[in-house]
> 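Have a look at this one.
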Amino acid sequence: MQTISKRYIWIFFGVLIAIMAGAYLYNAYRPAPNPKPSVPTTTADEAASGTYYTIRDQNGLTLFQTGLTVHVDDRYINENDIEYIIIKIDEQDAVAKIFKSPEQKPVKSSTDTSWLRIPLPIQSIPVQAAKDSHVVIYHTHTDESFTPTSGTPTKPGKGDVYKLGNTMTDALKKAGISVSHSLEKHDPHDINAYHRSRKTVVQLLKEQPDAAFDIHRDSAPTDAYLTNINGLTTSRTMIVIGRGNPNMQTNLKYAKKVKAKADELYPGLMRGIFMGKGDYNQDLYPTALLFEIGTETLSLDLPQKSTRLLADVLVEVLQSK
């Protein structure tokens, strides 16, 4: 009887060991499951080249598109100064609702082109800069380029954004403003790019400038940035503010001042102000701004025109300091 019991016990443990061995071999050699599709990204703050986010209002009307990664609670002030807050994101589509409307300011339709008939100068405005004005310019993403001009959206360490920086530097200097334009490289274009550029900003801020500008280009669709100002085909510009900056309101106030002057001089040049997650190193200085000038699908000459017009705006802002 005991012999029979022992036999059953051995059979039980033999079967158990066989099951465990089979489970181990199954898990070790089975094909890997297909991963869930996800949105490709190159950094935590920007979608991969050629991809972008579309933000619509609650009625489905497109508000804006950008290659910057958007998050719930990010905000956007459009060209009419209506402020929206993002409330929902589904992959690369987002929904926003009105957060704040401008006081006593008429809202133009997004299809209103009456501003094109306003007599605006095509050439730069000759203004006298404020005495001893000084700005610093740098580029966190030093690879960003324009595909129609360079054949690629990225050129590591020698992107077309350097040329935009040169254009702004020349325009500001002609107006009597002192400029330090850093050509420091911050490649690769990854999550740590802003950590690397932070060292550059800290060094530049030792010059105690009136403002610090980080110049980029977006990766939104062409029509999100292409515009026409008094017969001049050019690109638009978007200001980016980091809402992770504890002093965000100070930087935002300066951004609104720049946008207001742009709206006065060149209506349609400024597409809006985006307030995204992160700080973009703006916690280091109250007048630090990030400019997205044009998008990768435009030829370089269009963002360069936009940069010259933006320089006019900045000169006037600096003059009023």
> How about Asp187 and Thr142: does a side-chain donor come under 3.5 Å of a side-chain acceptor?
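Yes.
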> We want to know whether Asp214 and Tyr280 form a side-chain donor-acceptor pair, criterion being a heavy-atom distance below 3.5 angstrom.
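Short answer, no.
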> What orientation do His141 and His189 show, parallel under 30°, tilted 30 to 60°, or perpendicular over 60°?
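Plane angle under 30°, so parallel.
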> Does one side chain, of His186 or Thr200, offer a donor that lies under 3.5 Å from an acceptor on the other?
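There is such a pair (donor and acceptor under 3.5 Å, judged by atom type) between the side chains of His186 and Thr200.
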> What distance separates Asn245 CG from Gln282 CD, expressed to the nearest 0.5 Å?
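Going from CG on Asn245 over to CD on Gln282, the span is 6.5 Å.
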> For Lys158, I'd like to know if atom NZ has over 12 heavy atoms of other residues, nucleotides or ligands within 6.0 Å.
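Open: at most 12 neighbouring heavy atoms sit under 6.0 Å from NZ of Lys158.
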> Hey, could you give me the CD/CD1 distance between Gln92 and Ile55, rounded to the nearest 0.5 Å?
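So the gap between those two atoms works out to 10.0 Å.
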> I'd like to know whether the aromatic ring centres of Phe291 and His216 sit less than 6.0 Å apart in this structure.
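Phe291 vs His216: aromatic centres not under 6.0 Å.
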> Under a 3.5 Å threshold, yes or no: a donor from one side chain and an acceptor from the other, between Thr149 and Ser299?
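No, no side-chain donor-acceptor pair sits under 3.5 Å.
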> To the closest 0.5 Å, what do you measure between CG (Asn78) and CZ (Arg271)?
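Separation between the atoms: 10.5 Å.
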> Taking atom types as modelled and ignoring hydrogens, do the side chains of Asn166 and His181 form a donor-acceptor contact shorter than 3.5 angstrom?
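Yes, side-chain donor-acceptor contact under 3.5 Å.
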> Can you see whether Lys305 engages Ser235 through a side-chain donor-acceptor pair at a distance of less than 3.5 angstrom?
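Per modelled atom types, Lys305 and Ser235 side chains form no pair under 3.5 Å.
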> Report yes or no: do Ser197 and Asn281 form a side-chain donor-acceptor pair below 3.5 Å?
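A donor-acceptor contact under 3.5 Å links the two side chains.
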